[in-house]
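Below is one structure, written out as structure tokens; comments come after it.
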Amino acid sequence: MQQIPILKIGRFLLVSIQIDLQDQTVVALQEDLADSIVKTGARGVIIDISAVDIVDSYIGRMFSTIAAMSRLMDAETVVVGMRPAVAITLVELGLSLDGVRTALDLEQGMRLLESSLGDR
Amino acid sequence: MTIEPAGEMPISGNDDVVRVRQLVRTAAASAGFSLVDQTKIVTAASELARNTLVHGGGGSVGIDQTVGDRGKHGLRIVFTDRGPGIPDLEQALVEGWSSGNGLGLGLSGTRRLVDEFSLESEPGEGTTVTVVKWIR
């Protein structure tokens with residue numbers, strides 16, 4: 001099983017998914033992220049899925065879980081870079097990604113987090 | 001209807017779900033599906049492979065290139081397991097229904113990603129799910 005690196009950029013954590021996600025990798029990522037948020041005091045999590053060519057219900061649910069979990073630890077989550085074909089498929093599949101904020105790319109995702117944090 | 005096999009493999013572990021996606025992606029790309037339709041059929045295959053693994057206790061998948069009415073071409077994917085089977089097929093296809101542990105959206109979401117969907121199951125004997133997607 002491969003591990004997904006979590007990078008710290010200022011007040012945020014960046015997760016860039018570059019591999020085909022196995023279910024166990026997804027579970028491990030949730031746990032690693034929870035640990036990293038606590039350890040670093042990060043205020044935001046950015047999940048970059050621009051290299052991900054499919055999101056099924058399991059992976060989609062992971063985004064909602066991570067968003068809910070980080071909110072409990074006072075961090076905002078934004079998913080960035082979703083491919084158009086992935087978005088179309090998710091809608092047809094009926095997955096709404098409840099509670100997950102999205103942005104078109106990394107830069108806009110950072111801006112979204114910055115503005116939602118304000119000067120806190 | 002001529003059918004050309006495009007691959008088959010066992011589904012016995014979590015990494016096999018990833019391999020099924022890759023196998024279907026390759027078959028769909030070489031059959032000439034658009035990127036959106038490739039993504040839909042790979043996503044459907046991912047859902048069904050996980051069902052085969054989690055609910056069926058493992059099984060296998062077979063992929064064929066198929067030709068339908070008026071010469072249209074497509075991909076047919078068959079998932080088979082020898083698990084406990086599904087006692088109530090109609091309920092299994094109801095929107096939002098999912099057996100236990102909250103995995104997946106049930107079969108109704110997957111059904112929307114393909115053009116043809118058939119489910120055969122015998123309690124105690126296993127389940128076979130066949131999906132077809134036609135090239136537009």
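So that the names make sense, note that chain A is the first sequence line, chain B the second, and so on, each numbered from 1.
Other residues, nucleotides and ligands contribute only 12 or fewer heavy atoms inside 6.0 Å of the CD atom of Gln2(A). Within a 6.0 Å radius of CD in Glu8(B), no more than 12 heavy atoms belonging to other residues, nucleotides or ligands are found.
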_Derivation and outcome, side chain to side chain contact (heavy atoms under 4.5 Å, CB included), residues Asp37(B) and Trp134(B)_ = CA-CA 9 Å; Asp37(B) 281 347; Trp134(B) 301 110; over 6 Å; no
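Between Glu116(B) and Lys133(B), no side-chain nitrogen of the basic residue sits less than 4.0 Å from a carboxylate oxygen of the acidic one, so the salt-bridge criterion is not met. Salt bridge Arg19(B)/Asp20(A): absent, no basic N to carboxylate O contact under 4.0 Å. Arg43(A) has no carboxylate O lying under 4.0 Å from a charged side-chain N of Glu76(A), or vice versa, which leaves the two without a salt bridge.
In terms of the side chain to side chain donor-acceptor pair (under 3.5 Å) criterion, Asp35(A) has no residue partners (sequence neighbours excluded).
Neither the backbone nor the side chain of Leu90(A) comes within contact range of chain B; no heavy atoms are under 4.5 Å apart.
A donor-acceptor distance shorter than 3.5 angstrom exists from the side chain of Arg112(B) to the backbone of Leu93(A), with no hydrogens or angles considered.
Residue Thr43(B) holds its OG1 atom at 11.5 Å from CD1 of Ile88(A), rounded to the nearest 0.5 Å. Note that the CZ atom of Phe33(B) and the NE2 atom of His73(B) stand 11.0 Å from one another [nearest 0.5 Å]. The CG atom of Leu75(B) sits 4.5 Å away from the CD1 atom of Ile41(B) when rounded to the nearest 0.5 Å.
Residues of residues 96-107 of chain A lying within less than 4.5 angstrom of chain B, judged on heavy atoms, are absent. For residues 121-132 of chain B, a heavy-atom distance under 4.5 Å to chain A picks out no residue at all. Contacts between residues 21-30 of chain B and chain A, counted as heavy-atom pairs separated by less than 4.5 Å, involve Arg21(B), Gln22(B), Arg25(B).
Counting only N and O atoms by type, the side chains of Thr77(A) and Ser70(A) include a donor and acceptor under 3.5 Å apart. In summary, the side chains of Gln18(A) and Ser16(A) do present a donor paired with an acceptor at a separation below 3.5 Å, with no hydrogens or angles considered. A side-chain donor-acceptor contact under 3.5 Å links Asp32(A) and Gln3(A).
Contact tally against chain A (heavy-atom pairs below 4.5 Å) for Asn14(B), Val36(B), Val18(B), Val42(B): the top residue is Asn14(B).
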